[in-house]
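In this text, all values refer to a predicted model and were calculated from it rather than measured experimentally. Note that the numbering runs from 1 along the sequence shown for the chain.
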Amino acid sequence: MPPSSTGPHPEGPWSGRPRTHLPRAVRPAGRIAAAVLRLLRERDRPAPQEDDPRHRLALDLDDCRQELARWQRHADSYEQELTHVARERAHLLAWLAALHPSSAVITPVADAGPSGTHLLRLMAGERLLSWRLPSTDLPLFAHVPHTEPTATPPRRDGPGAPDQSAHIRRHTRLLAMEGSLFVTPAETQPSARPPDR
């Protein structure tokens with residue numbers, strides 16, 4: 001009578017051994033079967049569709065993040081440059097105040113609030129000039145006297161008066177012309193004459 005198909009499998013010569021002790025002839029067949037099963041599973045797995053909206057959104061989000069990082073690098077670079085320019089401006093204003101010791105004063109701005117903004121004021125070319133200074137720049141102006149804020153803003157020369165930048169440019173040209181008028185040409189050395197015979 002043939003053995004029942006539902007019964008236990010017949011005992012083989014290697015049935016009691018672990019799989020690692022299978023004969024060499026059986027091992028490659030098992031590896032091939034496992035590789036075929038793996039290949040069939042991967043074939044049945046659905047591939048990501050390029051037209052899938054979630055896939056496109058993920059790509060767009062990645063592009064946006066890269067663009068954001070690029071613009072952030074630009075913003076950081078501009079901020080560093082602006083900080084450098086503002087610091088150099090403060091040094092130049094401190095130098096300008098040292099060149100005008102008789103008229104340069106620093107006054108707190110009345111409407112500045114907690115920021116502690118101050119005004120550097122000085123007379124140049126018979127006109128009052130002023131610049132705002134943040135409180136962080138005040139140590140550069142230790143040589144400038146401090147005064148209390150005035151109740152009225154500084155008087156301008158009328159509604160048609162040129163702005164401060166135009167006045168500075170005109171005053172700079174006048175100073176440059178004045179400097180060139182008082183420059184004496186270098187003395188020329190007399191040429192050596194041969195002795196008279």
Side-chain angles (χ1 to χ4, degrees), residues 55-194:
H55 180 68
R56 279 188 283 111
L57 286 175
L59 290 176
D60 290 344
L61 180 61
D62 188 47
D63 289 344
C64 289
R65 284 178 177 155
Q66 290 177 5
E67 192 72 9
L68 174 65
R70 186 172 71 86
W71 281 107
Q72 186 63 50
R73 287 192 299 271
H74 284 306
D76 292 343
S77 173
Y78 294 146
E79 184 178 3
Q80 290 175 356
E81 186 67 24
L82 182 62
T83 302
H84 175 72
V85 168
R87 194 65 176 166
E88 188 171 8
R89 170 191 178 267
H91 281 285
L92 289 172
L93 287 177
W95 182 30
L96 187 63
L99 293 175
H100 296 82
S102 62
S103 64
V105 292
I106 289 182
T107 60
V109 176
D111 59 349
S115 64
T117 305
H118 288 67
L119 280 180
L120 168 67
R121 293 179 174 169
L122 56 87
M123 293 292 294
E126 299 180 355
R127 179 172 171 183
L128 181 64
L129 305 176
S130 62
W131 295 269
R132 285 184 175 260
L133 301 174
S135 58
T136 54
D137 291 340
L138 288 182
L140 296 174
F141 296 86
H143 59 285
V144 181
H146 288 246
T147 63
E148 291 302 317
T150 57
T152 58
R155 185 177 58 83
R156 300 294 181 189
D157 296 334
D163 65 349
Q164 181 167 294
S165 299
H167 175 74
I168 291 173
R169 286 193 298 273
R170 188 176 68 247
H171 188 59
T172 303
R173 284 196 300 270
L174 289 173
L175 289 174
M177 286 191 300
E178 181 181 312
S180 65
L181 289 176
F182 291 105
V183 170
T184 57
E187 294 183 11
T188 57
Q189 297 292 333
S191 59
R193 294 182 179 178

Within the 4.5 Å heavy-atom criterion, are [X] and [Y] side-chain neighbours or not?
X: Leu133; Y: Thr117; result: no
X: Ser130; Y: Gln164; result: yes
X: Leu96; Y: Leu92; result: no
X: Arg121; Y: Leu128; result: yes

- request: Taking ring-ring contact (aromatic ring centres under 6.0 Å, His included) as the test, write out the residues that go with His74, two or more places apart.
  value: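 Testing His74 for ring-ring contact (aromatic ring centres under 6.0 Å, His included), a comparison that skips the adjacent residues, returns Trp71.
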
Could you measure the distance from the [atom1] atom of [X] to the [atom2] atom of [Y]? Nearest 0.5 Å is fine.
X: Leu138; Y: His146; atom1: CG; atom2: NE2; answer: 6.0 Å
X: Phe141; Y: His91; atom1: CZ; atom2: NE2; answer: 9.0 Å
X: His84; Y: Gln80; atom1: NE2; atom2: CD; answer: 11.5 Å
X: Cys64; Y: Leu57; atom1: SG; atom2: CG; answer: 10.0 Å
X: His118; Y: Ile106; atom1: NE2; atom2: CD1; answer: 7.5 Å

What heavy-atom pair brings [X] and [Y] nearest, and what distance separates the two atoms?
X: Ala97; Y: Ala104; value: O-CB, 3.8 Å
X: Gly125; Y: His167; value: O-CE1, 3.4 Å
X: Val109; Y: Leu119; value: CG2-CG, 3.7 Å

query: Can you list the residues that meet the side chain to side chain donor-acceptor pair (under 3.5 Å) rule with Arg70, with sequence neighbours excluded?
result: Glu67

- request: Kindly write out the residues that satisfy side chain to side chain donor-acceptor pair (under 3.5 Å) with Asp63, not counting sequence neighbours, or none if the list is empty.
  value: none

- prompt: How would you list, by chain and number, every residue that makes a side chain to side chain contact (heavy atoms under 4.5 Å, CB included) with Ser77, sequence neighbours excluded?
  reply: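 Not a single residue meets the side chain to side chain contact (heavy atoms under 4.5 Å, CB included) criterion with Ser77.
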
field: Set of side chain to side chain contact (heavy atoms under 4.5 Å, CB included) partners for Ala124, sequence neighbours left out
entry: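 Counting only residues at least two positions away or on another chain, Ala124 forms a side chain to side chain contact (heavy atoms under 4.5 Å, CB included) with His100, Leu122, Leu129, His171.
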
query: Sub-3.5 Å donor-acceptor pair from the side chain of Glu148 to the main-chain atoms of Thr107, do we have one?
result: no

task: Only pairs at least two apart or in different chains count here, so list each salt bridge (Lys or Arg N to Asp or Glu O under 4.0 Å) that has a residue in residues 84-105.
output: Arg87-Asp137

message: I'd like to know whether CD of Glu79 has more than 12 heavy-atom contacts from other residues, nucleotides or ligands below 6.0 angstrom.
response: no

message: Can you confirm whether the side chains of Gln72 and Asp76 place a donor and an acceptor under 3.5 Å from each other?
response: yes

